[in-house]
Amino acid sequence: MKKMTVLSLIAANAINLLAASVVDSNTTKLDSLSILGDDNTFPVTVVRDATITQTIINEDALKRSMGAGGSNIFKAVELAPSVNVQTDDPYGFTGGTIRVRGFTEREIGFSLDGVPLNDSGNFAVYAHEYTDAENLTSVALTRGSTKSSAPFYSDIGGSIELMTKYPSKDFQVEISENFGSFNMQRGFYRIDSGELSTGTKVFASYSHTKADKWKGEGQAPDFRKHLALGVTQKFGDVIAEIFYDYNDQLNYAYKYNQMNWTKAQDFETYYKDDYSTNPIDGDYFKLNTNPYTNHVIRARLFIPISDTMSIDVKPYMWMGKGGGYYSYGAPSNITYNNSLNYTTRPGVVAKLNVELEETKIEAGMWYEYADLRNFSKSYAGTNGNDILANLNGSFNYWRYIQETATTTMAPFVSVEKKNIANILDVTAGLKYAMVNRDLTSYDTGDVTSDYSDDDVFNNLGAVNPARTYDQSYAMLLPRLQIGLNLDSPWYPYFSYARTFKVPNNSQGGDQDASVITANLDPEVADGFNLAARYVNEDFFLTPGIFYTMFKDKIITTEISQGVSVPQNVGETSSYGFELEAGKRLMKNIMLYASYGYTKATYEKDYEARGTLIDVTGNQLVDTPEHTVSASVGYDKKDFSAILTAKYISSRFGDATNTQKVAGYTLFNVDIKKEITLMDMKFAGYLSVNNIFDTKYIGKINTGDTKANYYAGVPLAASVGLNAKF
């Protein structure tokens, strides 16, 4: 009741402020679409009449926001309200975590040109593997309500959608070289064919990256090779497109259990603690790596049927291979395990579009069949170098072999009606999501020999029925968005959406399938947003409030020593206030700021290890109540500079809220100088992250009553040279 009272007061004040502005306004009604933010120093694009709470990072800002690493999509949105991004390394090469309004990346839908990127088994997102910043035209973060047509397994916290930059109409070559702290080297090369006589346009790009870890031995990455291709073709009014991204990468891991809470209290001592260089230690660094290769292929066929009707078909294929290698044990007695997966995910989103005057209708279907094969082997030895040199000879046993087929069918319909009674914009959508999990677990006792990774599923034991299940989930997901197109620069809007997330496939583990997954209910969220957007030629302001009811949240808890299982722990809720603003002070100076207040709490205690964990009313783990971002940019002719700051307030590592991590503020600066010589455009870059080398706790591996903590990334500087001709 207290939460709703606070929410009501915020809403009442916002509505009163908005009403006063409308009454005093003598301006004429703005066009239905007003956009601010194409300036190079302005980090976001603002669409006045959008009826969802969205932050769009424009093309000019992407390279700066993603940094010299140019690959981590989390970093692209870290200045937005209520966002907490943490990476293991300064450039984001090794991934990281993101929380938005308390929701993790596993609870947020990610897509590249409409292809879902979340892992089909556990919904993880590997933010560094999918694309290069230079090949993107926008990244859109939606907090709360998402589109009915969006192909997401898990979007209860919103979505992050990436769009690839189309081949250029003109022939162009782009070359970039970057060098930075910790022996970072990155090269990016792209060629655009221009429009050929056949109407075909093609681009191809390649990047290579390497860097040392900022602490401990090893590289992060040892190598990252990324290839991208794109082809567009028109056949009269028919549009055909195909895009392809390939990424091959090897990282040496940062120590996953770096600091417990006791060590975190002596932060300076353990700040650079990492894996051992001694091959007889169980945490030898060469035994802790993360190789992965993936392919993302997506196409589009757009067929106009009439002036008002068209068909849009987007088939795709995602294939991935890799995982993690890790070790443990006392000196001279090492256990070395892998946890690998092979993924093949064909899918398609097909829809019929009808566009009438002031009305748009979408109706279609998302279908995907995801085949996920997981397996794990264990090796034993006394010396890490010997294990690596003689894997077959040190083979110990198979830990698990599993295959999960996930079939998704989701028909949807959406109707958008503009200017009802010359004032009201309404969008209503409905999706019926049907997900089937068919997990087969194989006995490993019958498999006594080692096999190559590619040959594992040709040498299977019998099916283990106790750890095998076939489970289906289905839910109707409504959506409603309302906007008021007033005779004012203000555009107030309301959005509601129901979203859900099916349980993980829960590969591995020691429990029967009925305990692990079959008895779990899907997570369900009802999200409400009430906000307003003010836009004029040099200023925008977006205040808003949100409230999310989250039912049947699933967390993994330890039920006995060393045995953990997922369970529904009842309800959680989050509510808060967000504000985004931008102002052009002078022709060449642009300010941007955002603020997010998030109160995300557990609504019910839950049980772990036979004990009731008292969490009711506690803040969700790793969720700061306050986030503040600010930037000031200067842009004049061939020179630009931008200074950014990000404040993250205190967080808790444990659900009992006894381990409180201090807040911190980081400052970054980016400078660009352009030169044109003989029709060739050159740009030099200087970037410095964490200018004051602030030491802080970054990523947290959360838990019920305990957690592990990771040192935040240190100061890192990089320089780059870009040429276009």
Side-chain angles (χ1 to χ4, degrees), residues 3-4 6-7 10-11 14 44 50 52-57 73-74 76-86 96-110 118 123 125 139-146 150 152 154-161 479 493-501 523-531 542-551 553-555 571-580 594-603 617-629 646-652 655 663 700 702:
K3 295 176 198 170
M4 293 308 297
V6 173
L7 206 62
I10 295 174
V44 300
I52 55 178
T53 301
Q54 189 174 67
T55 298
I56 302 174
I57 311 303
I73 57 178
F74 291 168
V77 299
E78 65 180 343
L79 293 184
S82 306
V83 173
N84 173 24
V85 171
Q86 304 293 341
T97 62
I98 184 173
R99 282 187 181 263
V100 179
R101 296 179 176 178
F103 293 103
T104 72
E105 64 274 7
R106 296 174 189 246
E107 299 164 323
I108 298 168
F110 287 77
N118 299 74
F123 311 111
V125 176
V139 174
L141 165 66
T142 301
R143 302 183 297 281
S145 175
T146 58
F152 297 132
S154 172
D155 58 351
I156 57 179
S159 65
I160 295 180
E161 298 171 277
R479 176 174 66 103
Y493 65 91
F494 165 82
S495 67
Y496 160 77
R498 167 165 284 195
T499 52
F500 90 138
K501 171 176 172 284
E523 300 175 323
V524 182
D526 290 287
F528 303 84
N529 292 269
L530 178 64
T542 306
I545 58 176
F546 64 88
Y547 178 64
T548 302
M549 297 182 294
F550 188 13
K551 302 176 183 178
K553 180 178 176 65
I554 297 173
I555 66 171
E571 296 184 6
T572 67
S573 67
S574 64
Y575 67 94
F577 172 75
E578 293 176 338
L579 183 69
E580 251 186 314
S594 75
Y595 169 72
Y597 169 75
T598 301
K599 188 64 176 176
T601 57
Y602 299 93
E603 300 298 300
N618 288 356
Q619 182 81 347
L620 291 184
V621 290
D622 197 19
T623 301
E625 285 194 13
H626 306 278
T627 64
V628 182
S629 301
K646 180 76 176 189
Y647 168 72
I648 299 292
S649 70
S650 59
R651 300 164 285 154
F652 294 99
I700 303 175
T702 60

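Positions are given from 1 along the sequence.
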| message | Quick test of your reading of the model: are Glu625 and Arg651 salt-bridged, counting only N-O distances below 4.0 Å? | response |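 No salt bridge links Glu625 with Arg651.
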| query | Salt-bridged, Lys501 to Glu107, with N to O below 4.0 Å? | reply |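 Between Glu107 and Lys501 there is no salt bridge, as every charged N stays at least 4.0 Å from the carboxylate O atoms.
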Under 3.5 Å, is there a donor-acceptor pair linking the side chains of [X] and [Y]?
X      : Y      : value
Thr53  : Glu578 : no
Arg479 : Thr146 : no
Glu603 : Thr572 : no

Any donor-acceptor N/O pair, [X] side chain to [Y] backbone, under 3.5 Å:
X      : Y      : value
Ser594 : Leu79  : yes
Asp526 : Arg498 : no
Ser574 : Ala600 : no
Thr623 : Val621 : yes
Asn118 : Ile108 : yes

Do the non-hydrogen side-chain atoms of [X] and [Y] ever get within less than 4.5 Å of each other?
X      : Y      : value
Asp622 : Asn84  : yes
Thr601 : Tyr575 : no
Tyr597 : Thr627 : no
Thr97  : Glu105 : yes
Phe500 : Glu523 : no
Val44  : Ile57  : yes
Ile700 : Phe652 : no
Val139 : Val77  : yes

Testing the basics here: between [X] and [Y], what is the closest heavy-atom pair and its distance to 0.1 Å?
X      : Y      : answer
Val100 : Gly157 : CG1-O, 4.5 Å
Gly544 : Phe577 : O-CD1, 3.2 Å
Asn529 : Phe546 : OD1-CB, 3.6 Å

| task | Take Glu161 and Thr142 through the side chain to side chain contact (heavy atoms under 4.5 Å, CB included) test and state the conclusion after the steps. | result | CA-CA 8 Å; Glu161 298 171 277; Thr142 301; 4.3 Å; yes
| said: Run Arg143 and Ser159 through side chain to side chain donor-acceptor pair (under 3.5 Å) and show every step you take. | reply: CA-CA 7 Å; Arg143 302 183 297 281; Ser159 65; over 6 Å; no
| Option among Ser82, Ser649, Pro624, Pro81 that satisfies the side chain to side chain contact (heavy atoms under 4.5 Å, CB included) test with Thr598 |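 That would be Ser82.
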Roughly how far apart are [X] [atom1] and [Y] [atom2], rounded to 0.5 Å?
X      : Y      : atom1 : atom2 : result
Ile156 : Phe123 : CD1   : CZ    : 9.5 Å
Thr104 : Ile98  : OG1   : CD1   : 10.0 Å
Lys553 : Lys551 : NZ    : NZ    : 16.0 Å
Phe494 : Ile545 : CZ    : CD1   : 10.0 Å
Ser573 : Leu620 : OG    : CG    : 8.0 Å

| request: Classify the ring geometry between Phe528 and Tyr547 as parallel (under 30°), tilted (30 to 60°) or perpendicular (over 60°). | output: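 Taking Tyr547 first and then Phe528, their aromatic rings lie parallel (interplane angle under 30°).
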| task | Go through the steps for Lys599 and Gln619 under the test side chain to side chain contact (heavy atoms under 4.5 Å, CB included), then give the verdict. | result | CA-CA 7 Å; Lys599 188 64 176 176; Gln619 182 81 347; 3.5 Å; yes
| task | Decide yes or no on side chain to side chain contact (heavy atoms under 4.5 Å, CB included) for Arg99 and Val83, but give the supporting numbers first. | result | CA-CA 6 Å; Arg99 282 187 181 263; Val83 173; over 6 Å; no
| Pair Phe103-Phe550, side chain to side chain contact (heavy atoms under 4.5 Å, CB included): steps then yes or no | CA-CA 10 Å; Phe103 293 103; Phe550 188 13; 3.7 Å; yes
